[in-house]
2 protein chains.
Amino acid sequence: MAVKARLNRETLVSTALDLADAEGLDAVTTRRVAQHHGVTPMALYRHFRDKEEIFDALAERLLAQVALPEPDHRPWHEQTRDVFDAFLAALRPHPAVAGLVLNRVLTSEPGLALAERTLSLLAEGGFPVDQAAETGSQALCSLVTLVITEPGRGDGPDPETRDGTVRAKRAALAALPPRRYPHVVAAADALASCASDDVYYARGTAMIVAGIRSGPATADRAATGG
Amino acid sequence: MAVKARLNRETLVSTALDLADAEGLDAVTTRRVAQHHGVTPMALYRHFRDKEEIFDALAERLLAQVALPEPDHRPWHEQTRDVFDAFLAALRPHPAVAGLVLNRVLTSEPGLALAERTLSLLAEGGFPVDQAAETGSQALCSLVTLVITEPGRGDGPDPETRDGTVRAKRAALAALPPRRYPHVVAAADALASCASDDVYYARGTAMIVAGIRSGPATADRAATGG
DNA sequence: ACCTGAACACCGTTCAAGT
DNA sequence: ACCTGAACACCGTTCAAGT
């Protein structure tokens, strides 16, 4: 702490991100960020209008890490999966911050670039504009949720605490009355933790892409109550 | 405020829920809940260990509102859709609280009942236990996210403020450079608001169910990098 | 058993002031 | 332009005490 360089937006955001990664989003307070730079809390207000704007910048930082693959000539759904993978790759290192992205994709340049690309691919897939908007938003939000709720990430980032909560959670599920919750008890392991993160994300992405590919027809049938 | 009846868990949770519905989750503070009952903040600690436990109880309250349909003899995926509809019906009236459910399905009786039913249907659909766990969790979380991010619900519940933020959001998107963001600009309406809530949720649910029905085969192909 | 009162260590944010 | 200092209105939570 007490770094002496002149204050600026980007270094402050880096500090906030470090704090969130290390101790969770609640640790990102104006006072702690300021303290880390050896500065009064009010010094931040020269660079951010309020705390919400710090959160906006955190979300933007994550979105800026999305390395969108170049468009190519493969089918739209394969390219879509690659875009989703790039999105996940940016979110996964910062699970405590990922949730901030949920409502902030459309308010920064890198988020808009991601949205534009997604909508473009869905248009290629035959979606009308309005449905592409809903479908794309839902898909991106589901990917965020995948990261937020990744099984086995208790709450804190300490691998020790994490292991403890996972074990406790699994034990709690395994101890449930098996007559009443047979499937939950049988799935206790998978519900508490996660055999392989990569498989978890691959399956999740596959499921989302498959849902998208079911496309307009299925959705319209459902929307009219069929 | 200053209701005089003796304090108990359920009325306190009701107060917390009302506060959240009216002013958002941040309005749910120990002090305000206490004040609403004409009581010292510390009076709550006889009924809840800490604030987290109030949030747990809020999530449980929502899950208790899920009216699970009776099992019948229709195909598993149709029954799954009905279970999801019941879940959505419970969440939609309380969008400010819905997010609390994300990590709390497996820690209360009504949540476990929902999980058990979901896993049971997925087992009927041919999913192996572990994959059913992941798929079911992801589906339920996606439904929660659908409610949290419903387009057109700005932040507050005031229909006036909401209309303003929707209009501002749409204007901001429509004013983007159309050469750079052609699809975003074209979809500004659908991205900012939502033509019909029911269609939005019907399509969202259809997409999730379709993703599930794509099932083990698709997922395994993706997981092994195919 | 149930609630109070005072206190502590925190918040975000304002305002006026320094350099 | 950039930062400080003091203050305000809030938080969640503890501890000891009342009845």
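Please read these numbers as outputs of a predicted model, since none were measured by experiment. All values below were derived from every heavy atom in this structure, side-chain atoms included, with hydrogens, water molecules and symmetry-related copies excluded. Letters go in sequence order (proteins before strands), and every chain restarts at 1.
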Residue pairs, two or more places apart or on separate chains, that pass salt bridge (Lys or Arg N to Asp or Glu O under 4.0 Å) and touch residues 15-27 of chain A = A/Glu23-A/Arg32
Return one dot-bracket line describing DNA chain D 5' to 3' (Watson-Crick or G-U wobble pairs, both distances under 3.5 Å; ( ) same strand, [ ] crossing, | another strand, . none).
-> ||.|||||...|||||.||
Supply the atom-to-atom distance B/Gln35 CD to B/Leu19 CG, rounded to the nearest 0.5 angstrom.
-> 9.0 Å
Mind checking what makes side-chain hydrogen bond (donor to acceptor under 3.5 Å, both in side chains) contact with B/Asp85, not counting sequence neighbours?
-> none
The side-chain hydrogen bond (donor to acceptor under 3.5 Å, both in side chains) partners of A/Thr30 (sequence neighbours excluded) come to none
What does nucleotides 8-15 of chain C look like as a protein-contact string, B for base, S for sugar-phosphate only, - for none, at under 4.0 angstrom between heavy atoms?
-> ---BBBBB
Ignoring backbone atoms, establish whether B/His47 has a side-chain N or O less than 4.0 Å from OP1 or OP2 of C/dC2.
-> no
May I have all residue pairs that pass salt bridge (Lys or Arg N to Asp or Glu O under 4.0 Å) and include part of residues 93-115 of chain A, sequence neighbours excluded?
-> A/Glu52-A/Arg104, A/Asp56-A/Arg104, A/Glu109-B/Arg180
Phosphate contact (C/dC3 OP1 or OP2) by B/His37 side-chain N/O below 4.0 Å = no
Value in whole Å for how far the P atom of D/dA1 lies from CG of A/Asn8 | 17 Å
When the side chains of residues 134-141 of chain A are checked against the rest of the protein, which donor-acceptor pairs come out under 3.5 Å, sequence neighbours left out?
unit_1, atom_1, unit_2, atom_2, d
A/Thr135, OG1, A/Gln131, O, 2.8
A/Ser137, OG, A/Ala133, O, 2.8
A/Gln138, NE2, B/Gly204, O, 3.2

By side-chain hydrogen bond (donor to acceptor under 3.5 Å, both in side chains) - contacts of A/Gln79 (at least two apart) = A/Asp72
In whole angstroms, how far is the C1' atom of D/dG18 from the CZ atom of B/Arg46?
-> 12 Å
How many Å lie between CD on A/Gln35 and P on D/dC3, as a whole number?
-> 17 Å
Not counting sequence neighbours, which residues clear side-chain hydrogen bond (donor to acceptor under 3.5 Å, both in side chains) with A/Ser120? List them please.
-> none
Return the value, rounded to whole Å, for the distance between atom CZ of B/Arg6 and atom P of C/dT4.
-> 12 Å
